[in-house]
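We name chains A, B, ... by the order of the sequence lines, and we start the count at 1 in each one.
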Amino acid sequence: MMPTDQPSIADDPLEVVDQVDEAALAEVMRVVPLGAGVLAGAAVALLVIGYLVIYLLVFLPRGTVG
Amino acid sequence: MPPTSASEPHVLDRPWRIWASIVVFGIVLSGVILGVLIIPVIQGRSEGIDAYTAICRALGILPGSPAKQQVSDRTPPTPVSQVVWTPDVLQILADARPERGRAKVLEVCVACHGEQGVSVAPEYPHLAGQSGAAIYKQLSDYRTGSRTHESMTIIAKDLDEPTLADVAAYYAAQPKRNPNPATLAESPPAIVRLVELGDPSRNIPPCAACHRPGSGGPIETPILSEQGQDYIVLQLKMYASGERRNDVYGRMRAIASRLTQTEINGLAAYYRAGFR
Amino acid sequence: MRNVERLCLAHFWVAFAAFLAAAVLGTWQMWVRSPLGANVGTPGQYFLSVTAHGVSMAYVLTIFFIMGFGYFVAVTALGRPLPGKLWAWIAFWIAIIGVVMALVPILMGQASVLYTFYPPLTASPWFYIGLVFIVAGSWIWCVLMLVAMRQWKRDNPGRPVPLAMFATVANSVLWLWTTVGVAIELVFQVIPASLGFGQTIDAGLARTLFSWTLHAIVYFWLIPAYIAFYTMVPRAAGGRLYSDTMGRFTFILFLVYSLPVGMHHLLMDPEHGNGWKFIQVLLTAFVSVPTLLTIFTVTASLEIAGRLRGGRGVFGWITALPWQRPTVLAAGLAFVMLGFGGFGGIINMGYGVNAMVHNTSWVTAHFHLIFGGSVVIMYFAIAYEIWPSLTGHDHASSAPLRMQLWLWFLGMMVMTLPWHWLGLQGQWRRIANFNYADPIISGWGPLVIVSLGGGLVLLASALLFVRNLVILHGGPLPALQRPLYALAVHPPQRVPAALNGFGLWNVLVLILMLLAYGYPIAQFVITPSPGAMVHRVH
Amino acid sequence: MTEQHAQPHERRILGTELLWAFGVGVLIAAILSVVVFTALTRDINPPSNVERIDPKTLHLSGEFAEQNLGTTVARDGGVTVRIITTQFMFAPRCLVVPEGRRVTLRFASPDVIHGILITGTNVNTMVVPGFVAQVYSEFTHSGDLLMPCHEYCGLGHSEMWATVRVVPESEFKPDLDGRVACAQR
């Protein structure tokens, strides 16, 4: 495929309407994934801790299975 | 998986193909190594199972769990019923012809069960419109001695398989008499609940769960609608006492032994009236 | 946009009609199995209702919604008319015939074998043939999606396919792959048996073939909700999609990893060895990766929106988000339910741990939370988002929409949380009437009533949902043309072919299926298991 | 966004995504290592023993005939319980098992698919006609437990349950030919 400089889909009429201005976006992007990382990380850590709690306190005391 | 952001797409493409294959095969390989090799072999060692058997058991090639020795089984004496529902038995039933059965019926069965399957005495069952498989099973049990009756045992012994199926087909083809509408109304709710809902606390499933045609229950289940009241009461009593034992795994013996006398009479009246 | 409005609305209304009927049945079932409805209804009626509830929610709501949404995406994301619109209507009518053929025997009580039909129990042949028609209709939809993408790529060489369309085509490729399992089972085992061509059926093979479909069908239902997460939610929140490349990669991971893991539904089955089950557990662990990637990427996109609206500090952006917009609210509630449902899933896939919860209410809670909760609430959000452009009228106010979403969330949480506790107590599935006299079961009564409360709230929400859509057909306000799909922070200029098509990934799926399902299916041909007698329910 | 300016920025986003994917991978590896550790140290597997048996002739003779069901204790002290799951009942409907000792439960179905769990324990398996389902376990608490059929098997599915009586070692006394039965029928 010839690497020509294609217009990005942003120029597509349906896509262009977006009230986000680039300067503010660049400013925000300097810090962005921190909040998401902390929130999502806490949620996933909670899931794994919950798994270990149920595994140790409910599953093991009920005896082996095989 | 960082795609190099060089401009040519085919350059971009190569790392994806490599990385994708590495990750996918790495995961599956580790699954195989852990699941099929490491876990079974180590589990088997504590039970004295050699590595080869443990791996074959983990793959499902040999029966048994890789972590435990198999148990040895023991063979007991006579079975409760010899009837085995196999495709060729059902084929015999399918090939049965009511016309051929009619000759044998007029010769032997008509004395007690009547020509249309309406029995002459209360202790003999009505056979009109009964399920062919049910009649076939009971006649086979009489023949093999799993069920005994002073006249039925002798009669059944000199019937071979095809005529046995023809007789069953003949009575199955006889039309059911229409139920007496007057008695339909007053069946007591306790009995209706027993038929429709059963009684979970006494482990009694609903009668309709097996005895209603099209319920998907055991193949040999008889249709009870319009059966003689005394006959049903007699059979439930014999099941409860264990005198009749040709129900596979004691299905009816267990249920009958948990029914009270009033329930037995109520159920007999319910089905006598022709409910399904 | 003009040329698919009627087509999409037809599909959506069939889907939501089936949804409403099934919601009513679901609530009736919750009542009948609770102490309040102890002697109401017979087992025949209960299992008829469970079959109808399952078939409507799992086959009719999902397949029709996904087809309708697929046509909508194909037109709006690619910005060109739908190719082969006549075939789309043919597919619709074939599927409608299938629905009628399946629902009539169910309502006549001739097909009470539940939606995952358990051979040797065998229902009326019409039920199975109806399902084949529905699947055949959906196959035509898959071909149309592939053709639409190929035509667009031919006219736009080198340009990346818009993410929404890329995901829709990934979904149709996944659906073509996964329906092969149930198609083989129906055509070669179950339909011949129900027509009477054989008296026995190999139950082990039937379960293994159905498990091939049983898990990837869950991802077929789930992908439209994820399309909304990636493309509609960032736009509705007023932000940008954090990473377009990760979006494509997530949908590819769904395609590759959801197919070979179906056998984790058979962890407790006697017909497969431990080794194969451990491989399934391992692959299932990695099928959670795309979901966890999605949580991160979409939360990051929401963080962008929140900070653009002035959110400060680590979590300030959360309160700054426009929660009054239905799509944003639905995404938040969906993530909470996805968390609880995902937690249930991690326990289910725990190799030996599955023995603690298999076929208990824990599993029922798991799939009601993930499918009934986070996926269906996103179906609501999608419907609210695109209804104005389909009907030409806009919502008068978003209050009733938010109310409906909150009711669905609360109802689902109240219904399913008690089920987790009851599942650990051993409450088993598909019970027409409990024996509340039993000391172990009597303790469950109050919690079953709490779940019934949740069920009633869900019913109210379902009714409100249909009302919110119906009033739009005659609404006064003309719809303003709102853009739907979010822009990425870095709209992709050039994307490697691997992220723009499915050739490579189809090869990997084929190899994975051979590795995961090869021997487990071949063993039934090498040493066929002794036939079980067919038990007819019709 | 010009070409050069976008490069480092785009790379940073993908970097965070990969960091997240790596973190999630570590957590998944943690869960899987718990699974492998349990399997190796406590022999915990999902029950699976791929043993074929003809469902049509179960009741005739052999391991699952009526007289051979229930709890039996072999000479080497191994406790085996044989149970038939048939449409809408268990045979026997009441089982006695010792507390604290390994018990092997073997199930077979002559008709349709059933499934069993014992409340409060990890005993759980599907019973597919054509296969013998085998589960072994140690019962950690004594008392009467419920063993329902947890897979849809027909209209009587809700009434299909049995009682499992876990008795302390002292009360678990096999009779002459090694059988132990419940008091009530």
Query raised in the report: Checking C:Ile318 against chain A: side chain, backbone, both or neither under 4.5 Å from a heavy atom?
Result: side chain

Requested in this report: Answer yes if the ring centres of C:Phe229 and C:Tyr226 are under 6.0 angstrom apart, and no otherwise.
Outcome: yes

Requested in this report: Kindly give the heavy-atom pair with the smallest separation between A:Leu25 and C:Arg240, and that separation in Å.
Outcome: CD2-NH1, 3.5 Å

Report summary line: Looking only at A:Leu46, A:Val65, A:Leu39, A:Val44, the option with the highest number of non-hydrogen pairs under 4.5 Å against chain C is A:Leu39

Query raised in the report: With a 4.5 Å limit on heavy-atom distance, are the side chains of C:Leu484 and C:Met232 in contact?
Result: yes

Report summary line: Most heavy-atom pairs under 4.5 Å with chain C, out of A:Thr64, A:Val32, A:Leu47, belong to A:Val32

Query - Among C:Ile346, C:Ile304, C:Ile347, C:Val353, residue most engaged with chain A (heavy-atom pairs, under 4.5 Å) - result: C:Val353

**Report entry** Under 4.5 Å from a heavy atom of chain C, the part of A:Val48 involved
**Finding:** neither

Query raised in the report: Under 30°, 30 to 60°, or over 60°: which ring-plane class applies to A:Tyr55 and A:Phe59, parallel, tilted or perpendicular?
Result: parallel

Query - Under 4.5 Å from any heavy atom of chain C - which part of A:Ala43 - result: neither

Query raised in the report: Can you say whether C:Phe335 sits under 4.5 Å from chain A via the side chain, the backbone, both, or neither, judging by heavy atoms?
Result: neither

Query raised in the report: Do you know the tightest heavy-atom contact between C:Trp362 and A:Ile54?
Result: CH2-CD1, 3.7 Å

Report task. Write out, in numerical order, the residues from residues 290-300 of chain C with a heavy atom short of 4.5 Å from a heavy atom in chain A. Result -> C:Leu292, C:Ile295, C:Phe296, C:Thr299, C:Ala300

**Report entry** Expected output: side-chain C:Thr327 to main-chain C:Val233 donor-acceptor under 3.5 Å
**Finding:** no

Query raised in the report: Would you say the side chain of C:Met413 lies within less than 4.5 Å of the side chain of C:Phe340, judging by non-hydrogen atoms?
Result: yes

**Report entry** Minimum heavy-atom distance between C:Leu302 and C:Ala237, given as atom pair plus value
**Finding:** CD2-CB, 3.7 Å

Requested in this report: Heavy atoms only, distances under 4.5 angstrom: which of C:Val314, C:Asn274, C:Leu308 has the most pairs with chain A? Name it, please.
Outcome: C:Leu308

Query raised in the report: With a 4.5 Å heavy-atom cut-off, do C:Asp155 and C:Arg80 have their side chains touching?
Result: yes

Query raised in the report: Can any side-chain N or O of C:Asn354 pair as donor or acceptor with the backbone N or O of C:Asn348 at less than 3.5 Å?
Result: yes

